[in-house]
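Okay, structure first, notes after.
Values reported hereafter were calculated over all heavy atoms of this structure, with side chains retained and with hydrogens, waters and symmetry mates removed. Every chain is numbered from 1, with letters handed out A, B, ... down the list of sequences.
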Amino acid sequence: MVYRIADTQVTSSFIGQMMETKIALENKRKEISTGYKVIDASDDPGRAGTLSALQHTIQRIDRHSQRITFATTLLSTQENLVSNANDILIRAKELAVQAANGTLSTEARAQIGDEIFELRDTLAGLANTKHQGMYLYGGLDDDDPPFDLNQTAPFFYTNPPDAAPAPNPAEKTHWVFDDPAVELGQTDTRSVAISDTESVRIISRGDEVFQGAINALEILGRSLKGYRTGVDVNGDPDGTGDAYTFPDEYALQTSDIQAAIDSLESVRTDDIQAELSSIGSRVNRLEQTQQILEKLKIGTEDARSAIQDTDLFAAASEFSNLQTSLQALLAAGTRINSLTLLDYL
Amino acid sequence: MSIISLLETSRHALSVYTQAIRTVGDNVANVNTEGYSRRRADLVTTGVVGPQSARTGTGVDIQSITRIVDQFLNSELVNRMSERARAEVRNEFMTRAERPFALDNQPGSLSYELNAFFGSLQDLTANPADIPLRTQVLESGGKLAEAIRQSYAEIAQLQREADNRLNVLVGEVNRLTGTIADLNYQITTNEYSANQEALTLRDAREIALRELGELISFKTVEDANGHVMVYLQNGFALVSGIDNRELEFNTDPSFAPAAGFPQAMDGGLLGSIVYAYPGGAEDLDLTEFLANGGGEVAGLLSLRGVNSTAAGQTTFDADGDLVRIGARIEALARDLLVRFNTEYLGPDEDSTTAGFQPSARNLDGNAPDAFGLFSFAEADTGNNFGDINSDGLPTTADLTALVAAGVFSFARNINFRPSTEREIAAARDIDPTDGTVSWAPGDASNIEALLTQRDALFSYATYNVGEVSETAKIDDFLNVTYSTVGSISRRTQDDHKFYAAREEQVAELQSNVSGVNLDEELSKLISFQRGYQAAARLIGIADELIADLLGTVG
């Protein structure tokens, strides 16, 4: 039991309590102004590791979202590109149907043939599109376009004969997908991670999407220009093909044009539209993953917030309580110190 | 009693009350003096005179002026001050040590930069030849290395600061033990000659003991001569009678290993607190003993670390909290240097050719060096750019050899090795023939392999850095580092509050015994004043009696 108290004790105890309350007030003010109740690891060491892990997760989700945006942009570009290729094939079919008409002269057919070769070159140009440094259908080979206009054997048609002087006419040339044994990675696909466990293909094999269409246009164009085209066991041009003998082989030419129309339609459905629908489904997957990531981010943010963020209502009320305590302490302190026997002497 | 002796009694009483009032005045004047113990004038009655049938007293005297102290409380207060000072300095340092580990996830922090680095690598896998994405990897790799260097430097700097402060404090301990020994002499001399307590000198010695208690923990015994003997818990006497023994702060004491103690985290040396016996005997090492005690010295030693004399000690074997934190940053740096650099090289391109041929390829088709992703400032031609055993691989054996060669820390100088975008090796050579290069610029298989290491469990004990021993993924290893720093810091905060409250309790009790209460003193003043007035009145009465007597006679 205290039987006497020193004056310095009264003063130091008053100062100590005042400091303690002021420090608590300052801490609470910081908590309110920053919005965080946990900033230093020592504020909640038990959950500091969890908090750091949650922040990592949020940062990872943000990164995944950025990659999804990147992949979506890339696939949209591809979608436009393949859609244009589809339009080209439709236009080529229309021209071919027109050319297959038995009343058209061989010269008129040859003129349509020129337009078909224009379309072929446009299609090859689409297949060689470069976006952000990547050939969209060039596999891993960013240095070299996937399709080359080949004028040398064995992809050089034997007919028509070599032009003198060069250049050779279009019907003598062949757009060919690079040999993967020479251009490494040409037939590889490329994917991008869109979550911790999932990735989506952003670059498909160019040969599978475009080579069939290019070949079909070439065979059609050559027919219209008056040359047959020999094919190998895979149905690809083998470089051979004699000129039709008109007028005897006019009917044969018509029949080849009609066969080429079937080929065109077949590659449009099997390669081009298949790629379009594949792109569509991949874009859908990206959208779904984005939605999942957004939900995951909200959940993770909630968890982080529960550990780290200030409950403003509670903090403001505690701040107010501390203010009242400090006022009371100051009032009591000054009262006690003003009481002394000296006043009565 | 004669009338004359009444005059003498009253005169003496006036003198006694004057002295008593002076004692009160002394107390009032020192009401706010730190370490002042209030005094009390002990009044006693003087002897009696006269025949047995009519004995009368001879008045009042002052037996002594006494310092009001409780030796037990004083001694307990010194102990509590030691505990508080230890906790206080630990709290001060740990508050600063946890700054690099703030949980605001701001750019520049270790956590943010580690995540940003792996994020940029993952971005690169989408388009490995893309220069802007490679720029991002260059930047984030550089920032990660910088964050490691910065965090490490802050901890190393704190260790140095603790060491510097210890050097100063050892001087301060010597000054205080010298003062106490000196006061021992003065107190004995004064008390012998004046035959009463040397009040002010004893107060001064008590203050010196308290100041010493804030630095180290010790025990005291006062002998019959009034000398206070100050000794450590192990019996080592710091002050004995009027002599004190001075401690030394020495980075190369006689008991240090032949090659010297390992470097501190900043490359300097840690001092030991020793007593150098005169005559060339082996120095007495008090460092570990003092680290386990109380006071600021113990707090600083427990943070800074204490060197062990055991063989094969390294920078991160010193036993201290800052070293424990530094060791975790160091383990992280070594992980990047060994595990991630190894993966970055890719598999051996051609197992039929002797030696290791990395299959990783940068945009110019070249393979990286052994320390091709992360390197360190000391890697140069002299040590084959870190690959000291020239096996083409970055291994723990390389790091061990480098440590033996004087590279005590890698976190201190770690850097991101590629300096241009094209230097980043994202692809792998798929031709299994040494010298034949087949790779594609759009190939990200090397980066993808690097990313798998991020989520791989790894035993950090491999690096043999201090006490670091867990098996974890690199992110979790860092998360645990945050928790570890937080736990140490929180414990120091709690300890500081706890020991400050314990000190406050005893300080209050001690103050209640020895402190001055003005109202009490003023009450005494009134009492002594009245005594003085009464004695003065007695002189007046004696004077009147003598006058009456002289009138009768005259």
Side-chain angles (χ1 to χ4, degrees), chain A residues 2-9 11-13 16 34 36 38-53 55-56 58-60 62-64 66-67 70-71 74 132-135 138-143 183-186 188 190-193 196 202-203 308 340-342 345, chain B residues 31-32 38 94-95 98-99 101-105 111-112 114-116 119 122-123 125-131 427 430 438-444 451 455 475-476 478-480 482-490 492-493 504 507-508 511-520 522-523 526:
Chain A
V2 175
Y3 57 93
R4 67 185 296 283
I5 188 160
D7 283 288
T8 49
Q9 182 57 40
T11 313
S12 70
S13 166
T34 59
Y36 292 137
V38 177
I39 293 181
D40 294 325
S42 60
D43 292 339
D44 192 348
R47 291 193 285 183
T50 313
L51 191 54
S52 172
Q55 283 167 341
H56 271 205
I58 292 167
Q59 224 173 321
R60 276 172 103 140
D62 287 343
R63 283 276 187 179
H64 289 317
Q66 284 170 17
R67 275 191 291 276
F70 164 78
L74 205 72
Q132 293 193 357
M134 292 181 286
Y135 287 104
L140 306 182
D141 188 7
D142 292 337
D143 285 347
E183 299 292 346
L184 204 78
Q186 195 72 51
D188 288 331
R190 209 185 273 195
S191 298
V192 60
D196 285 346
I202 51 167
I203 289 186
Q308 192 172 29
T340 167
L341 194 57
L342 273 173
L345 289 177
Chain B
V31 64
N32 291 318
R38 68 191 167 100
M94 280 310 301
T95 303
E98 72 169 327
R99 295 232 174 101
F101 302 93
L103 291 167
D104 49 4
N105 203 32
S111 174
Y112 180 92
L114 183 76
N115 211 15
Q122 203 159 35
D123 287 353
T125 60
N127 191 0
D130 187 58
I131 296 299
I430 56 159
S438 298
W439 64 285
D443 173 23
L451 284 166
D455 293 321
D475 288 68
D476 291 337
L478 190 60
N479 292 340
V480 171
Y482 272 69
S483 278
T484 305
V485 175
S487 296
I488 299 173
S489 181
R490 181 54 174 265
T492 61
Q493 284 173 21
E504 180 68 28
E508 200 172 314
S511 174
N512 288 343
V513 172
S514 300
V516 176
N517 181 301
L518 280 178
D519 293 336
E520 182 188 23
L522 290 173
S523 303
I526 293 167

Would A/Ser13 and B/Glu508 count as a side-chain hydrogen bond (donor to acceptor under 3.5 Å, both in side chains) here? Give the steps.
CA-CA 9 Å; A/Ser13 166; B/Glu508 200 172 314; 5.9 Å; no
Chain A contact via [X] - which portion, at a heavy-atom distance below 4.5 Å:
X: B/Ile131; result: neither
X: B/Ala116; result: both
X: B/Arg38; result: side chain
X: B/Val516; result: backbone
X: B/Ser523; result: both

Would you compute the distance between atom CD1 of A/Ile58 and atom CG of B/Asn105 and round it to the nearest 0.5 angstrom?
8.0 Å
Measuring from atom CG of A/Asp7 to atom CG of B/Leu518, what distance do you get when rounded to the nearest 0.5 angstrom?
4.0 Å
Identify which part of [X] has an atom lying under 4.5 Å from any heavy atom of chain B, answering side chain, backbone, both or neither.
X: A/Arg60; answer: both
X: A/Asp43; answer: backbone
X: A/Thr34; answer: neither
X: A/Gln186; answer: neither

If you count heavy-atom pairs under 4.5 Å between each of [options] and chain A, which one has the most?
options: B/Tyr482, B/Tyr112, B/Trp439; value: B/Tyr112
options: B/Gly442, B/Ala126, B/Ala427; value: B/Gly442
options: B/Ala129, B/Ser511, B/Ala102; value: B/Ser511
options: B/Asp104, B/Asp123, B/Asn32, B/Leu114; value: B/Asp123

Look at A/Ile39, A/Val192, A/Asp44 and state which one has the largest set of heavy-atom pairs under 4.5 Å with chain B.
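Answer, by heavy-atom pair count under 4.5 Å with chain B: A/Ile39.
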Criterion side chain to side chain donor-acceptor pair (under 3.5 Å) against A/His56, the qualifying member of B/Asn479, B/Asp475, B/Asp476:
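Result: among B/Asn479, B/Asp475, B/Asp476, B/Asp475 is the only option passing the side chain to side chain donor-acceptor pair (under 3.5 Å) with A/His56.
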Between [X] (side chain) and [Y] (backbone), is there a donor-acceptor pair under 3.5 Å?
X: B/Asn517; Y: A/Ala6; answer: no
X: B/Glu98; Y: A/Ala41; answer: yes
X: A/Arg4; Y: B/Gly515; answer: yes

side-chain hydrogen bond (donor to acceptor under 3.5 Å, both in side chains) assessment of B/Asn115 paired with A/Gln59:
CA-CA 7 Å; B/Asn115 211 15; A/Gln59 224 173 321; 3.1 Å; yes
For [X] versus [Y], what's the shortest heavy-atom pair and its separation?
X: B/Ser483; Y: A/Gly49; result: OG-N, 2.9 Å
X: A/Pro45; Y: B/Gly486; result: CB-C, 3.4 Å
X: B/Ala507; Y: A/Gln9; result: O-OE1, 4.0 Å

Heavy-atom side-chain proximity of [X] to [Y] below 4.5 angstrom:
X: B/Pro441; Y: A/Asp141; answer: yes
X: A/Arg190; Y: B/Pro128; answer: yes
X: B/Asn512; Y: A/Ile5; answer: yes
X: A/Gln308; Y: B/Leu103; answer: yes
X: A/Asp142; Y: B/Asn127; answer: yes

Cut-off 3.5 Å, side chains only: do A/Arg63 and B/Gln122 have a donor facing an acceptor?
no
Determine whether the side chains of B/Ser111 and A/Gln55 contain a donor N or O and an acceptor N or O closer than 3.5 Å.
no
Contacts of A/Tyr135 that satisfy ring-ring contact (aromatic ring centres under 6.0 Å, His included) - sequence neighbours left out
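Here no residue qualifies.
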